[in-house]
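Following: one structure in structure tokens, then a few remarks.
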Amino acid sequence: MTVGLPHFMALSAVLFSVGLYGVLTRKSTIMALMCLELMANAVNINLVAISRFVTPAEMTGQFFAVFSMVVSAAEIGLGLALVIAIYRRRKTVELGAMEELKG
Amino acid sequence: MSESVNGVVFFMLAFATIGGALMMLATRNVVHAAYWLLETMLATAGLYLLLSAEFLALVQVLVYAGAVSVLVLFVIMLTLRRRSDAIRPFEPGLGGAIVAALFLGAVYLALTRFVAPAVEMPATAPGVVEFGQIMFTEWALPFEIASLVLLVALVAAVWWSREGEDR
């Protein structure tokens, strides 16, 4: 059977939903960050697939994916630095422990 | 690269990707979850190869499988010192599951109404040489901005995580 663009988009949608579920439910900061990476990954698959099927010569989606990777690499680095900074002050990385702003 | 994507390879890689993501959420050990994330990223690199994006597959292996996984494992080691800390309680999270399922349903509805612009995969795909040429001519300015973003993120990460006496 032939695999087309909708297959890749469906795969990306499923992966994004799994990541969204993880971000919403996990109570560990590190797990939430890992699920964010999963979502960024799903977006990148979509970008590369659309680039391959629609603009194969210009490769626009591939460049977008490269810049998206740069941003998500910066995001995971900053996020993990924040996790370490929070751990220094609180000795915990549970999201439930950070509730000073709760009204 | 032929004109169509190999269905068997695609479904194997799709199974590896989604299965890895599900296992990452199913396992209760954070360290195991980090390894499942690594597996998902490697399967994604295979998907990029299937889409004839060789450079991106290489970057995926280098950045995600190489750098991000090691970073995550280091932070797990630094923050969850005892072995028992890495074992998480079971968190089904019904509300989050409902939101994610609604999102998936909405995207599925959009996909059923989606008309693919080109059903047949274009036969020719430019290689790494063309990719580099376009990158450093057309996308030169965004490339420089991206390097600036990485520099700022690097400095900020060091700044935030340093051992300061003022905090």
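Worth knowing before you read on, the calculation uses all heavy atoms, side chains too, and leaves out hydrogens, waters and symmetry mates. Every chain is numbered from 1, with letters handed out A, B, ... down the list of sequences. These numbers come from a predicted model, not from an experiment.
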Quiz item: Most heavy-atom pairs under 4.5 angstrom with chain B, which of A:Val71, A:Asn41, A:Ile76, A:Val83?
Solution: A:Asn41
Practice problem: Verify side-chain contact (heavy atoms from CB on, under 4.5 Å) between B:Leu47 and A:Leu11, making sure each step is shown before the conclusion. | Solution: CA-CA 11 Å; B:Leu47 280 175; A:Leu11 165 68; 3.3 Å; yes
Quiz item: What's the shortest heavy-atom distance between A:Ala81 and B:Ala157, and which atoms?
Solution: CB-O, 3.5 Å
Taking only distance into account, with no hydrogens and no angle test, what donor-acceptor pairs under 3.5 Å do side-chain atoms of residues 18-39 of chain B form with protein atoms, sequence neighbours excluded?
| residue | atom | partner | partner atom | Å |
| --- | --- | --- | --- | --- |
| B:Thr27 | OG1 | B:Asn29 | N | 3.4 |
| B:Arg28 | NE | B:Arg88 | O | 3.0 |
| B:Asn29 | OD1 | B:Val31 | N | 3.0 |

Practice problem: Mind ranking B:Phe131, B:Phe74, B:Tyr108, B:Phe103 by heavy-atom pairs under 4.5 Å with chain A and telling me who comes out on top? | Solution: B:Phe131
Exercise. Could you grab the distance from atom CG of B:Leu104 to atom CG of A:Leu20, nearest 0.5 Å is fine?
Key: 10.0 Å
Quiz item: Contact part of A:Val93 toward chain B, heavy-atom cut-off under 4.5 Å: side chain, backbone, both or neither?
Solution: side chain
Quiz item: What's the shortest heavy-atom distance between A:Tyr21 and B:Ala100, and which atoms?
Solution: CB-CB, 3.7 Å
Quiz prompt | Shortest non-hydrogen contact from A:Val48 toward B:Ala53 | solution = CG1-CB, 3.9 Å
Quiz prompt | Which portion of A:Lys27 sits near chain B, non-hydrogen atoms under 4.5 angstrom | solution = both
Quiz item: In terms of heavy-atom pairs under 4.5 Å with chain A, which of B:Val149, B:Val59, B:Leu150 leads?
Solution: B:Leu150
Quiz prompt | Flag for B:Gln60-A:Asn44: side-chain donor and acceptor within less than 3.5 Å | solution = no
Practice problem: Evaluate the side-chain proximity of A:Gln62 to B:Leu51: yes if any heavy-atom separation is below 4.5 Å, no if none is. | Solution: no
Exercise. Select, from B:Ile98, B:Val107, B:Leu111, the one with the greatest count of heavy-atom pairs under 4.5 Å involving chain A.
Key: B:Leu111
Self-check item: Contact winner vs chain B - A:Met69, A:Lys91, A:Met31, heavy-atom pairs under 4.5 Å
Solution: A:Met69
Self-check item: Under 4.5 Å from a heavy atom of chain B, the part of A:Met59 involved
Solution: side chain
Exercise. Spell out, yes or no, whether B:Val70 and B:Met77 are grouped together once hydrophobic residues are joined by side-chain heavy atoms under 4.5 Å, including indirect joins.
Key: yes
Exercise. Could you check which of A:Ala49, A:Gly19, A:Ala65 has the highest count of heavy-atom pairs closer than 4.5 Å to chain B?
Key: A:Ala49
Quiz item: Which bit of A:Ile45 comes within less than 4.5 Å of chain B, counting heavy atoms only: side chain, backbone, both or neither?
Solution: both
Quiz item: Are B:Met41 and A:Val70 grouped together when hydrophobic residues (ILVMFWY) are joined by side-chain heavy atoms under 4.5 angstrom apart?
Solution: no
Self-check item: Closest-packed option against chain A by number of heavy-atom pairs under 4.5 Å, given B:Val75, B:Val99, B:Thr17, B:Leu71
Solution: B:Val75
Quiz item: Could you state the interatomic distance from OH (B:Tyr64) to CG (A:Leu38), rounded to the nearest 0.5 Å?
Solution: 10.5 Å
Exercise. Please work out which of the three classes, parallel, tilted or perpendicular, describes the rings of A:Phe64 and B:Trp139, given edges at 30° and 60°.
Key: perpendicular
Quiz item: For the residue pair A:Phe63 and B:Phe143, is the inter-centroid distance of their aromatic rings smaller than 6.0 Å?
Solution: no
Quiz item: Under a 4.5 Å heavy-atom cut-off, does chain A meet the side chain of B:Glu130, its backbone, both or neither?
Solution: both
Quiz item: Hey, any chance B:Phe11 and A:Met9 share a hydrophobic cluster, counting ILVMFWY side chains that come within less than 4.5 Å of each other, even indirectly?
Solution: yes
Quiz item: Nearest heavy-atom pair of B:Ser161 and A:Ile84: which atoms, and what distance?
Solution: CB-CG2, 4.3 Å
Quiz prompt | ILVMFWY network linking B:Phe136 to A:Phe67, side-chain heavy atoms under 4.5 angstrom | solution = yes
Practice problem: Spell out, as yes or no, whether a donor-acceptor pair under 3.5 Å connects the side chain of A:Arg52 to the backbone of B:Leu50. | Solution: no
Quiz prompt | Residue B:Val63 versus chain A: region with a heavy atom under 4.5 Å | solution = side chain
Quiz item: So what's closer than 4.5 Å to chain A heavy atoms on B:Leu80: side chain, backbone, both or neither?
Solution: side chain
Practice problem: Heavy-atom distances under 4.5 Å only: say whether A:Glu75 touches chain B with side chain, backbone, both or neither. | Solution: neither
Quiz item: Can B:Val158 be reached from A:Tyr87 by stepping across I, L, V, M, F, W or Y side chains whose heavy atoms are under 4.5 Å apart?
Solution: no
Practice problem: Flag the one option from B:Thr44, B:Ile76, B:Leu78, B:Leu102 with the top tally of heavy-atom pairs under 4.5 Å to chain A. | Solution: B:Thr44
